[in-house]
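Contents: one structure, followed by commentary.
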There are 2 protein chains.
Amino acid sequence: MAKHPSLAAVVQRLEDRGLRVTAPRLSVLAAAAAGAEDQFSAEDIESRLPQVGRATIFRTLKLLVEMDVFCRVLLDDGNLRYRWSRRGHHHHLICDSCGAIEDFTGCDVTTLMQDLARRTGFTARGHWLEVYGRCAACHSRAAVSQ
Amino acid sequence: MAKHPSLAAVVQRLEDRGLRVTAPRLSVLAAAAAGAEDQFSAEDIESRLPQVGRATIFRTLKLLVEMDVFCRVLLDDGNLRYRWSRRGHHHHLICDSCGAIEDFTGCDVTTLMQDLARRTGFTARGHWLEVYGRCAACHSRAAVSQ
DNA sequence: CTCTTATTGACACATAGTCCCATTTCCACA
DNA sequence: TGTGGAAATGGGACTATGTGTCAATAAGAG
């Protein structure tokens with residue numbers, strides 16, 4: 001699966017919303033695709049685009065997160081990263097050891113929420129879940145080196 | 001149940017860790033207990049303690065979070081709050097409408113994690129979960145006003 | 001080609017911290 | 001009781017991640 005959706009698709013979605021497809025917006029998308037990692041910080045984008053105003057970069061990041069082109073990932077140390085969104089409801093598995101981020105869907109938190117409503121009367125509208133641990137690759141790597 | 005544990009218990013835990021029980025640390029605890037709400041921001045503490053250095057306030061907050069005296073709560077808007085921890089693994093139910101925060105334990109995310117490990121090979125070490133929605137009190141309030 | 005509106009860039013300001021370093025405070029031990 | 005070392009503090013600079021304002025610019029519609 002591609003790291004990120006085609007530019008054309010994003011452009012289409014901008015147009016559908018009646019938003020303009022401008023050079024700075026395309027630059028941010030390009031800069032986000034440029035990194036070696038599939039995740040990036042606001043600062044990464046800033047440093048790759050010295051010619052684009054800082055405010056514009058943040059505005060664009062915010063817009064693209066709203067449009068579900070990017071998603072935010074909360075790292076264990078409290079830092080925030082951006083990432084191409086796989087679109088729709090999903091969560092992240094963040095590897096402590098290599099830092100890789102995987103998505104996961106099939107989130108049964110819904111069941112949990114229903115349970116919760118029964119027990120406490122609290123109705124969940126949404127939730128934020130990040131999982132920290134060790135990915136399969138780092139497991140085998142550890143197994144080999146020992 | 002009390003909003004927060006006795007000061008003596010916290011003092012004890014500081015001593016157990018070989019840390020000093022200093023005036024600034026006690027001030028932060030007092031300031032945290034002073035607010036009307038059971039939650040507070042770093043800024044709340046700062047403004048209640050103009051005589052204590054900012055660096056000290058942040059150091060102390062961090063220390064008390066590590067000691068599980070306070071916990072951090074991630075609000076829906078991305079802002080962070082501090083809160084007396086009920087100690088041990090728990091999550092938060094944050095009411096959109098009145099802003100109240102309830103704790104909940106009996107978190108069956110564990111089951112989810114085991115499932116995850118089977119499916120993806122990812123072993124979870126920990127997770128962060130915040131739930132947003134509407135509390136029981138706000139439900140009944142809404143029912144009455146309609 | 002021009003009008004309108006979206007968008008941008010610059011800059012100031014805000015929040016939530018961290019880092020460094022000189023000074024102070026505390027505690028233990030002589 | 002005095003003192004030396006370690007822990008803790010306060011001040012200030014610095015960082016990261018934003019937001020708000022406002023005048024200038026650019027895009028698309030007609």
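No hydrogens, no waters, no symmetry mates; every other heavy atom, side chains included, goes into these values. In what follows, chains carry the letters A, B, and so on, assigned in the order in which the sequence lines appear, proteins first and then strands, with residues in each chain numbered from 1.
- Put simply, CD on B:E46 is 15 Å from P on D:dT9, counting in whole angstrom units.
- Of the possible polar contacts, none joining the B:T120 side chain to the B:A117 backbone as a donor-acceptor pair under 3.5 Å is found.
- For B:D16, the side-chain hydrogen bond (donor to acceptor under 3.5 Å, both in side chains) partners two or more places apart in sequence, or in a different chain, are B:Q12.
- When the side-chain nitrogen and oxygen atoms of B:N79 are compared with OP1 and OP2 of C:dA16, one or more of them lie within a distance under 4.0 Å.
- Between the CD atom of B:Q51 and the C1' atom of D:dG10 there is a distance of 12 Å, given to the nearest Å.
- If you measure from atom CG of B:L49 to atom P of D:dT9, you get 12 Å, rounded to the nearest angstrom.
- Taking all atoms of both residues into account, the shortest heavy-atom contact from A:S85 to A:D68 is OG-OD1, 2.7 Å.
- Centroid-to-centroid, the aromatic rings of A:F104 and B:F122 stay 6.0 Å apart or farther.
- With sequence neighbours left out, the side-chain contact (heavy atoms from CB on, under 4.5 Å) criterion links B:Q114 to B:T110.
- Comparing B:R25 and B:P50 against DNA chain D, the residue whose closest nucleotide sits nearer the 5' end is B:R25.
- Residues from residues 9-16 of chain B with heavy atoms under 4.0 angstrom of DNA chain C: there are none.
- B:T123 and A:H139 share a donor-acceptor pair across their side chains, judged by distance under 3.5 Å alone.
- Criterion: ILVMFWY side-chain heavy atoms under 4.5 Å apart, direct or through other members. Under it, B:L75 and A:L129 are not part of a common hydrophobic cluster.
- Remark on DNA chain C: of its neighbouring residues A:T60 and B:E43, the 5'-side contact belongs to A:T60, judged by nearest-heavy-atom nucleotide.
- The side-chain contact (heavy atoms from CB on, under 4.5 Å) check on A:Y132 picks up A:L74, A:D76, A:I94, A:D96, A:E130, B:R125, B:W128, with sequence neighbours excluded.
- Summarising the geometry, the separation between CG on B:L63 and P on D:dA8 is reported as 8 Å, rounded to the nearest angstrom.
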inquiry  = Output one letter per nucleotide in nucleotides 18-30 of chain D: B when a protein non-hydrogen atom lies under 4.0 Å from the base, S when only the sugar-phosphate is that close, - when neither is.
reply    = BBBB-----B---
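- In this structure, the CZ atom of A:F40 is 16 Å from the C1' atom of D:dA16, given to the nearest Å.
- Taking atom CD1 of A:I45 as the reference point, atom C1' of D:dA16 lies 15 Å away to the nearest angstrom.
- Shown here are the side-chain contact (heavy atoms from CB on, under 4.5 Å) partners of A:R83, two or more places apart in sequence or in another chain: A:D38, A:C71, A:V73, A:H92, A:I101, A:D103.
- Rounded to whole Å, atom C1' of D:dT17 lies 14 Å from atom CG of B:L74.
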